[in-house]
Amino acid sequence: MSSQHFIQQIISADLNSGKHQQVHTRFPPEPNGYLHIGHAKAICLSFGLAEEHQGLVNLRFDDTNPEKESQEYVDAIRRDVSWLGYTWNGGEHYTSDQFEKLFQFAVQLIESGKAYVDHQSAEDMGAQKGTPTSPGSNSPHRNRTIAENLALFQEMRAGVHPDGHCVLRAKIDMTHANMHMRDPIIYRIKRAHHQRTGDDWCIYPMYDFAHGQCDSLEGITHSLCTLEFEVHRPLYAWFIENLDIFPSRQIEFARLNLDHTIMSKRKLLRLVEEGHVDGWDDPRMPTISGLRRRGFTPESIRTFCERVGIAKRENVIDFSLLEWALRDHLNRTAPRAMAVLDPIKLTLVNYPEGQTESLTSENNPEDPDAGVRTLPFSGQLWMEREDFKLEANKKWFRLAPGKTVRLKSAFIVRYVDHVLDDSGQVSEVKVEYFPDSRSGSDTSGIKAKGTLHWVNVDTAIDAEVRLYDRLFSDPAPDGHEGKDFTDFINPNSLTIRPHCMLEPSLANADAENPIQFTRLGYFSLDQKRTEEIGRPAWNRSVTLKDGWKG
RNA sequence: UGCCCCAUGGUGUAAUGGUAGCACACCGGUUUUUGGUACCGUCAGUCAAGGUUCGAGUCCUUGUGGGGCAACCA
C-alpha cells in the first residue's frame, strides 16, 4: 500500500466517515486559452481521484466572461483532455447552463437581506474596499430595502441600466481581514455576446458567485483547485452556507511550475500573438497541444504528473523529469530506425561495384515481440558528420584515421581515406569493410568499440528534421523584476535540418507512432509541417541521454 | 506593518509521535552491435531557537525565509 497525499487522505476520511458515498470531482477550465502541462497536473488529479474510487468527473467550462472566451478554446480543451486518455463520465457542463439558476440564487440572497445593488463608480468602490492592512468602509447604498434591491436587480437583468452603471454585491463585512469577504461584487452588467447564450443576458455572475454554486448543483464532493484560490474558500463556503445548498468542499494544491518555461495563459498568449512561436501547438510550447505535436505521449505526461506529486508547497520541477518520463515510455515502445541528420558520404572502397544486399535489424532491443525489419545496404552510404573526426584520442570510439567501427546491424569497417570539399570540410569518408563481420554471423574476430548508424544512399528518404532546445535560456524567465520574459527567449530554440537521410522503412510513418532514431533520440512525424512542405518533416521530441563525456 | 498558506538532499515527494525512504538530476562502475537501455554504487536533507515527551521531521511557542490576498478576470 503506497502512501497517500493529503487530498487522498481527506477523501478516504470522507468515505470512511460516511460523509460521502461516492467521489465526484470536476475539471473546470475557462475556455479562454489552450491547456498546458500545469492543467495536465490538475486533470490527472481530479480524473485520477475519481478513477481510483470508481467515482465521477465532470468537465465544466467556466464561461462567465464572454469577452475572453470562445468555441475554439472549448474544442481545444475537449481534444486535449481526451487525448490525455480521460473521459468525463459525469458529463460535460457549462456554467452558462446555470445562468437562470444563479440568477435565482442572487434573488434568494437579496430576499434574505444578504445582497444589495450598488450604484457607485468602480473607483469609489475600490477606495471603500480598503487595503490588506486597513479595513474598508460601507457603501452608501448598503442599506437599501429588499424591495428596492429586488427591483433594481430585475432592472439590471432587463437591460434598463448601461454597462457598468451598477453591480450586485454580497453583504458580508467591509472590515473583514480577508479582502474577498468585503462585500464582493457578484453580478455585473456586460453587454457582450456569449458563445452559448448569445444575447440572452446582459448581466453575468462573477467567478466567486458561480463556481461554488455550480460545484454544488453538480453534486461535486471535492472541488480541487490551485493555491491562489485559498483566500476565496471562505467566500465559496459562505455562498453555499447562506444559500443552503449541497456542501461541496474546495481543496487547494500547489500549481505546477517547470523550469525554463512559463505557465501563465496570458503570457503564452503573448508568445503566440507576438509571433515568438508558431501557434498554441508550437512544439516548443508547454501546452498539451504543443507537447503532443512535439511527440510526447499521453502516458509520459501522466507518468510525469504522478512523479510530480501533490502538495501545498510552491515547487519548480526540473524539465529533465518530463524528458525522463518520455524516454522511459518510448524506450519500451518506440520502434528503432536509422536516420542521418547531417549527412556526409561513407564509401566502402572494397565493396563490389553495383552490388546491394538486405540486412535485418531488430525493431526494438527492449521488446523481442517488435520483430525485425530489412535494411538495404550497398557500398554507398550516408554517415553522420559528427561521427568522424580528423584528430581523435583513445576515448573516441567513432571513425577517425586509424579507427575501426561497426556499422549498426551491418559490417565492421576501417578508415582508409577522406575527402575535403572546397571549403575544407570533410565531405566523404572512405573505408574498407570486412565481409566476414556481417552482423549476426561475424567470424572476423575483429573488435570494434563504437557502433555507427548509417543510411543506404540509393534508398534514402529525404526529410526535414526539426531540432528543439528550450524556449527560454533562463530557468525562471518570468522571475526577473524589471525584465520581460520575452527578453530570455532562446534564439536557438529551433534548428532546422532541411535535408536529412532516413531509412526507407520510415516511408510508412505516421504522427501517432514515435520512432527512435538510433543513437539520436525520439522523433515523430509532424503532420502539419509535412503537408506544408510536401515532403516528410520530423520533430525531435527528446534526445537520448548522452553518456559520452568527450 | 493586517490576514491566510507553506518550509525534508540540487529538484520533487514520503515518513500520520518510534530505523529519515523513493524518484529525477549529478558522479563512478558492470553489461552492451545505440557512448541508449538494464544493473550496481557514490554524493547529499528535516530553516532557527526554545518547549512538551521515554522518544519530535511530525505537537506547542517565537523567530526567519518563501508564496498569496486590494480586477465590474478566472
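First the proteins, then the strands, lettered A, B, ... as listed; each starts at 1.
- Side-chain atoms of R519(A) stay outside donor-acceptor range of the base of U34(B), with no qualifying N/O pair under 3.5 Å.
- Counting any heavy atom pair closer than 4.0 Å across all strands shown, L452(A) reaches no nucleic acid atom.
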Please evaluate residues Y204(A) and Y187(A) with respect to the criterion ring-ring contact (aromatic ring centres under 6.0 Å, His included), reporting the C-alpha separation (whole Å), side-chain torsions for both, the decisive distance (0.1 Å), and the verdict.
CA-CA 6 Å; Y204(A) 293 96; Y187(A) 261 97; 8.7 Å; no
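- Using bins of under 30°, 30° to 60° and over 60° for the plane-to-plane angle, the ring pair F411(A)/F377(A) lands in the tilted bin.
- Salt-bridge annotation for E432(A) and R414(A): present, with a side-chain N of the basic residue lying under 4.0 Å from a carboxylate O of the acidic one.
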Should F296(A) and F304(A) be marked as a ring-ring contact (aromatic ring centres under 6.0 Å, His included) after you check the CA-CA gap, both sets of side-chain angles, and the distance that decides it?
CA-CA 11 Å; F296(A) 276 78; F304(A) 171 75; 8.8 Å; no
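- Comparing G12(B), A74(B), A14(B) against the side chain of S3(A) picks out A14(B) as the nearest.
- The salt bridge (Lys or Arg N to Asp or Glu O under 4.0 Å) pairs that include a residue from residues 437-456 of chain A are E357(A)-R438(A), R406(A)-D442(A), where partners are two or more places apart or lie in different chains.
- Using a 4.0 Å cut-off between charged nitrogen and carboxylate oxygen, E30(A) and K265(A) do not count as a salt-bridge pair.
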For R26(A) and E218(A), run salt bridge (Lys or Arg N to Asp or Glu O under 4.0 Å): C-alpha distance rounded to whole Å, both residues' side-chain angles, the deciding distance at 0.1 Å, then the answer.
CA-CA 9 Å; R26(A) 107 266 92 117; E218(A) 292 174 22; over 6 Å; no
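- Nucleic acid contact for Y204(A): none, since no nucleic acid atom lies under 4.0 Å from a heavy atom of the residue.
- Using the six-membered ring where Trp is involved, H141(A) and H119(A) have ring planes that are perpendicular, over 60° apart on the 30 and 60° scheme.
- For S439(A), whose side chain is taken as the heavy atoms from C-beta onward, the closest listed nucleotide among U33(B), G12(B), C73(B) is U33(B).
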Nucleotides 23-26 of chain B: which of its N/O atoms have a protein N/O under 3.5 Å away?
{"residue": "A23(B)", "atom": "O2'", "partner": "R307(A)", "partner atom": "NH1", "Å": "2.9"}
{"residue": "C24(B)", "atom": "OP1", "partner": "W324(A)", "partner atom": "NE1", "Å": "3.4"}

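- Between L330(A) and S300(A), every side-chain heavy-atom pair lies at or beyond the 4.5 Å cut-off.
- G17(B) and C54(B): their C1' atoms are spaced 12 Å apart (whole Å).
- Salt bridge annotation for R78(A)-E92(A): present, with a cationic side-chain nitrogen under 4.0 angstrom from a carboxylate oxygen.
- A salt bridge (Lys or Arg N to Asp or Glu O under 4.0 Å) check over residues 181-193 of chain A, counting only residues at least two apart or in different chains, returns the pairs E67(A)-K190(A), R142(A)-D183(A), D163(A)-R191(A).
- Between R196(A) and D97(A) there is a salt bridge, since at least one side-chain N of the basic residue sits less than 4.0 Å from a carboxylate O of the acidic one.
- Place G440(A) and H232(A) on RNA chain B by their nearest nucleotides, and G440(A) ends up nearer the 5' end.
- Closest contact between the side chain of N315(A) and the listed nucleotides G12(B), A14(B), U34(B) involves G12(B).
- For K190(A), the listed nucleotide lying nearest its side chain is C73(B); candidates were A74(B), C72(B), C73(B).
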Please, what dot-bracket string fits RNA chain B when only Watson-Crick and G-U pairs with both distances under 3.5 Å count, crossing ones use [ ] and pairs to another strand use |?
.((((((..((((....[..))))..((((.......)))).....(((((..]....))))))))))).....
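- Atom pair Q8(A):CD and U16(B):C1' shows a separation of 14 Å (rounding to whole Å applied).
- Of all nucleotides listed (A74(B), G35(B), A14(B)), A14(B) comes nearest to the side chain of H5(A).
- Separating the CG atom of D367(A) from the P atom of U34(B) is a distance of 17 Å, rounded to the nearest angstrom.
- Nucleotide A74(B) holds its P atom 15 Å from the CD atom of Q250(A), rounded to whole Å.
- For the pair R398(A) and W396(A), the cation-pi criterion (under 6.0 Å, within 45° of the ring axis) is fulfilled.
- As judged by a 4.0 angstrom heavy-atom cut-off over every strand, Q516(A) is placed among the base-contacting residues.
- Across all strands shown, P365(A) has heavy atoms under 4.0 Å from base atoms, whether or not it also approaches the sugar-phosphate.
- In the set G2(B), A74(B), G36(B), the nucleotide with an atom closest to the side chain of N331(A) is G36(B).
- Ring geometry, W201(A) versus F103(A): the interplanar angle falls from 30° to 60°, so the pair is classed tilted.
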Taking only nitrogen or oxygen atoms into account, show me every contact under 3.5 Å that the protein makes with nucleotides 41-44 of chain B, one pair per line with its distance.
none

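- Distance from the side chain of M206(A) is smallest for C73(B) among the nucleotides C73(B), G35(B), U34(B).
- Residue contacts for K449(A): at a heavy-atom cut-off of 4.0 Å it reaches no nucleic acid atom on any strand shown.
- With salt bridges taken as basic N to acidic carboxylate O contacts below 4.0 Å, one links R60(A) and D215(A).
- As judged by a 4.0 angstrom heavy-atom cut-off over every strand, S134(A) is placed among residues making no nucleic acid contact.
- When the options F253(A), Y236(A), Y207(A) are evaluated for a ring pair (Phe, Tyr, Trp, His ring centres under 6.0 Å) with F229(A), the one that passes is Y207(A).
- Distances shown here put a side-chain N or O of R188(A) below 4.0 Å from the OP1 or OP2 atom of A74(B).
- With rounding to whole Å, M338(A) atom CE is found 15 Å from G36(B) atom C1'.
- Atom C1' of nucleotide U11(B) and atom CD of E323(A) are separated by 14 Å, given to the nearest angstrom.
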Verdict with reasoning, R373(A) to E503(A), per salt bridge (Lys or Arg N to Asp or Glu O under 4.0 Å):
CA-CA 11 Å; R373(A) 67 190 187 287; E503(A) 67 164 71; 2.7 Å; yes
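- Atom pair E67(A):CD and A74(B):C1' shows a separation of 13 Å (rounding to whole Å applied).
- Spacing of C1' atoms, G21(B) relative to U61(B), comes out at 30 Å, to the nearest Å.
- The CG-P distance, from D215(A) to A74(B), rounds to 15 Å in whole Å.
- The listed nucleotides are A74(B), G36(B), A14(B); the one nearest the side chain of D62(A) is A74(B).
- E306(A) comes within 4.0 angstrom of no nucleic acid atom, judged by non-hydrogen atoms across all strands.
- Base contact: G164(A) has a heavy atom under 4.0 Å from a base atom.
- To the nearest angstrom, P of C73(B) lies 12 Å from CD1 of I189(A).
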Measure all distances between protein nitrogen or oxygen atoms and nitrogen or oxygen atoms of nucleotides 3-7 of chain B, and list the pairs falling under 3.5 Å.
{"residue": "C5(B)", "atom": "O2'", "partner": "E230(A)", "partner atom": "OE2", "Å": "3.4"}

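- Checking G12(B), U33(B), G2(B) against every side-chain atom of I317(A), the shortest atom distance belongs to G12(B).
- Nearest to the side-chain atoms of H180(A) among the listed nucleotides C69(B), C72(B), U34(B) stands C69(B).
- Using a 4.0 Å heavy-atom criterion, one finds that A311(A) contacts the sugar-phosphate atoms exclusively.
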